[in-house]
Amino acid sequence: MSHTEQGDINELKRVRLEKLQELRDMGVDPFGGRFERSTMAQAIKDSFDNFEGQTVQVAGRMMSKRRHGKAGFANLQDYSGSIQLYFRQDDLGPEKYELFKKMDMGDIIGVSGTVFRTQKGEMSIHVYDLTYLSKSLHPLPEKWHGLKDVELRYRQRYVDLIVNPEVKEVFVKRSRIIREIRRYLDELGFLEVETPMMQPIPGGATAKPFITHHNALDTELYLRIAPELYLKRLLVGGLEKVYEINRSFRNEGISTRHNPEFTMLEIYQAYADFQDMMDLTEALISNVVNQVNGSLQVEFEGQTIDFTTPWKRLPMLEAIKQYTGLDFNHIVDDDEAFQAARGLGMELEPGAARGEIINEVFESFVEEHLVQPTFIFGHPVDISPLAKRNRETPEFTDRFELFIVQREIANAFSELNDPIDQRQRFQRQVEKRQSGDGEAHMMDEDYIRALEYGMPSAGGLGIGIDRLVMLITGSPSIRDVILFPTLRPVKE
RNA sequence: GGGCCAUUAGCUCAGACGGUAGAGCACCUGACUUUUAAUCAGGGUGUCGCUGGUUCGAGUCCAGCAUGGCUCACCA
């Protein structure tokens, strides 16, 4: 232990360190090893009749302790739940009972005993042997308010998980959601793949990347902002139905809806289009919600979200017309669009393209109204550099976004597979980049070459897993569904 | 990055007008062999986020900084 740590040590920790030494002096290893459990706390409660009178071995963390002279009670918490323990000096003998007396809240122990019910009816274990498995040196937060300090909850998630049971439930649910997604896609014959997270050219989204450096290669690498371009290379290679669930990274602001690293699901299906992806999105999400929550209705911030299919499908221009009265079908050039947006009180940078303006208007006036699951489709090509143009109206794309409680949950389109058009779109992005837009795409020659070999027409879909988990678990902040959200490091 | 708010004991929180720092839980000592927010008797364990300033005197007022939350901007 370092000198400074010694100096900073507080009374509570000092007392526990002393007890630790006392255990050692008694010949007890405070950090015991393997312990054979015969069952779990919750299992005993769930089928008490089968367990009553039986001998069991359980292990876990002691969360409370009530001593009554030469007997006492404690509560033992394991992954499944918690159960009360009963200790009697007459049954344990003075040495083991001394161990019980020394036990602190938070200590991890294994016990052996018989299952019984107390006079007050509490299902309990009458302990006749106990083993120290880990001494806890820090006091746990208060027992009925739990740990509330948000910063501490995120920084020391382990403590949060110990004392706030609902936190564990959220992350168990998150795991089930992802498992259910995998199961669903695997059953449809999709192949799960892993593509580079460190990329020489970051692409597939408009976002600022993190930059890092590889020493041996002496080259800059970017943490991926999306897996998209690699997954579509796989379509070229003949992997016709692929998906990837993993992290992407964007070097942007942090908010209740944004974490610098976040989990995205991307799915690509050859010979399909964005309509197929809409059907898939609807089926996938409604299935997951139903499997995980046992219902298609979900409460979120006082609102009931109904995932019953089919969901509303609304063309973007239609939605804008509905909420602003503006019909961009009749506003055909950039100038006119600019004036129209100004008329709505929007401040725009001069030189914006009609498509960009349409998107701005949509985000400012429509998004806030989209509470129930709604597909918005038909995005301008100006804001969709990787999406296939619509046959009838080529300045729009066959693309949709899914909105639920004002949040964008999914984004999908018919994938652009024309290498010549793709090159021009990249070129346009490169120009934007040169004029200072750090989020615009870079030219990706290898991706163009892949398209030149021939990529089947395909539908592609991206779903923000963290946001989906937020909805399903009723969590208002993305930090509530990420175990270790990004925080500024504490500096010494 | 902007705006607003918060920061007091291990945890959850009080601290009017500026006058020697408080409670509950936890912890320590003792009593108690079926309690469960156990109870009873006793004990306060603190760089009031940090640095300055105003003042006879600052947890309290002022400024700057730090960390976090909400929100706006940006995005998924």
Side-chain angles (χ1 to χ4, degrees), chain A residues 8-16 18-19 63-75 82-92 97 100 104-106 116-124 126 136-156 159-160 162-164 204-208 225-226 228 247-266 347 359-360 363-364 367 383 401-403 407-411 437-439 462-468 470 476-479 485 487-491:
Chain A
D8 291 342
I9 220 157
N10 69 47
E11 174 71 12
L12 296 170
K13 188 172 173 189
R14 189 186 58 75
V15 167
R16 286 177 177 232
E18 280 170 15
K19 287 187 183 173
M63 297 301 289
S64 66
K65 184 177 167 185
R66 297 172 291 283
R67 276 198 51 217
H68 302 264
K70 296 183 177 58
F73 296 89
N75 276 82
S82 81
I83 190 159
Q84 180 171 266
L85 307 178
Y86 177 53
F87 297 82
R88 249 169 73 114
Q89 189 177 63
D90 290 352
D91 303 312
L92 279 162
Y97 193 73
F100 166 68
D104 285 313
M105 302 235 307
F116 79 112
R117 208 189 272 275
T118 64
Q119 286 176 357
K120 294 283 167 63
E122 179 85 14
M123 294 177 274
S124 310
H126 191 141
S136 173
L137 298 178
H138 289 286
L140 287 177
E142 206 229 7
K143 59 183 164 189
W144 55 95
H145 293 102
L147 182 64
K148 287 195 172 163
D149 185 301
V150 187
E151 188 177 351
L152 273 183
R153 286 187 46 224
Y154 298 150
R155 289 198 195 277
Q156 296 175 227
V159 179
D160 192 29
I162 292 168
V163 299
N164 296 327
T206 49
K208 292 196 194 85
I225 55 177
E228 172 152 352
R247 233 64 67 77
S248 287
F249 309 83
R250 298 189 185 174
N251 205 342
E252 287 161 358
I254 295 176
S255 76
T256 47
R257 300 174 194 193
H258 303 84
N259 196 63
E261 55 177 316
F262 62 102
T263 299
M264 195 151 63
L265 163 66
E266 286 203 6
E347 288 180 24
N359 186 51
E360 297 275 333
E363 287 180 356
S364 302
E367 268 189 25
I383 58 157
E401 288 178 299
L402 170 66
F403 288 91
R407 289 156 170 77
E408 185 193 335
I409 299 298
N411 179 25
D437 183 353
E439 298 182 355
I463 296 178
I465 295 297
D466 311 277
R467 289 183 177 179
L468 183 64
M470 286 168 67
S477 170
I478 199 169
R479 298 180 201 96
L487 295 180
R488 195 180 294 273
V490 271
K491 46 186 171 195

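All heavy atoms count here, side chains included; hydrogens, waters and symmetry mates do not. Convention: sequence-line order gives letters A, B, ...; per-chain numbering from 1.
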Residues in salt bridge (Lys or Arg N to Asp or Glu O under 4.0 Å) contact with [X], at least two apart in sequence or another chain:
X: A/D160; value: A/R153, A/R157
X: A/D91; value: A/R88
X: A/E408; value: none

Can you tabulate the close N/O pairs, meaning under 3.5 Å, that link protein atoms to atoms of nucleotides 40-49 of chain B?
none

Item checked: RNA chain B: 5'-proximal contact among A/R88 and A/R479 (nearest heavy atom) ->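 Closer to the 5' end of RNA chain B: A/R88.
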With sequence neighbours left out, what residues match [X] under side-chain hydrogen bond (donor to acceptor under 3.5 Å, both in side chains)?
X: A/E142; result: A/H145
X: A/E367; result: none
X: A/Q119; result: none
X: A/S82; result: none

List the atom pairs, donor and acceptor, that lie under 3.5 Å between side-chain atoms in residues 66-74 of chain A and the rest of the protein, sequence neighbours left out.
{"residue": "A/R66", "atom": "NH1", "partner": "A/S64", "partner atom": "OG", "Å": "3.4"}
{"residue": "A/R66", "atom": "NH2", "partner": "A/N75", "partner atom": "OD1", "Å": "3.1"}
{"residue": "A/R66", "atom": "NH2", "partner": "A/Q84", "partner atom": "OE1", "Å": "2.7"}
{"residue": "A/R67", "atom": "NH2", "partner": "A/G69", "partner atom": "O", "Å": "3.3"}

Between [X] ([atom1]) and [N] ([atom2]), how many Å, whole number?
X: A/L147; N: B/C25; atom1: CG; atom2: P; result: 19 Å
X: A/K19; N: B/A26; atom1: NZ; atom2: P; result: 13 Å
X: A/R66; N: B/A26; atom1: CZ; atom2: C1'; result: 15 Å

Item checked: base_contact_polar (B/U36 base, A/E122 side chain, donor-acceptor, <3.5 Å) ->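 Yes, a donor-acceptor pair under 3.5 Å.
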Check: What distance separates A/L487 CG from A/Y154 OH, expressed to the nearest 0.5 Å?
Finding: 8.5 Å
Find every protein N or O atom lying less than 3.5 Å from an N or O atom of nucleotides 71-74 of chain B, and list the pairs.
{"residue": "B/U71", "atom": "OP2", "partner": "A/T256", "partner atom": "OG1", "Å": "3.4"}
{"residue": "B/C74", "atom": "O2'", "partner": "A/E439", "partner atom": "OE2", "Å": "3.3"}

Notebook entry, point to check: Which pairs pass salt bridge (charged side-chain N to carboxylate O under 4.0 Å, His left out) with one or both residues in residues 250-260 of chain A, sequence neighbours excluded?
Noted result: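 Listed by first then second residue: nothing to list.
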Check: In whole Å, what separates the C1' atom of B/C65 from that of B/U29?
Finding: 44 Å
Note to self: For A/P139, is there any backbone N or O sitting under 3.5 Å from a side-chain donor or acceptor partner on A/D104?
What the structure shows: no
Margin query: Give me the stems containing RNA chain B, sorted by first residue, counting only three or more consecutive Watson-Crick or G-U pairs with both distances under 3.5 Å; say none if there aren't any.
Written below: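 So far as stems of 3 or more pairs are concerned, RNA chain B shows B:1-7 with B:66-72, B:10-13 with B:22-25, B:27-31 with B:39-43, B:49-53 with B:61-65.
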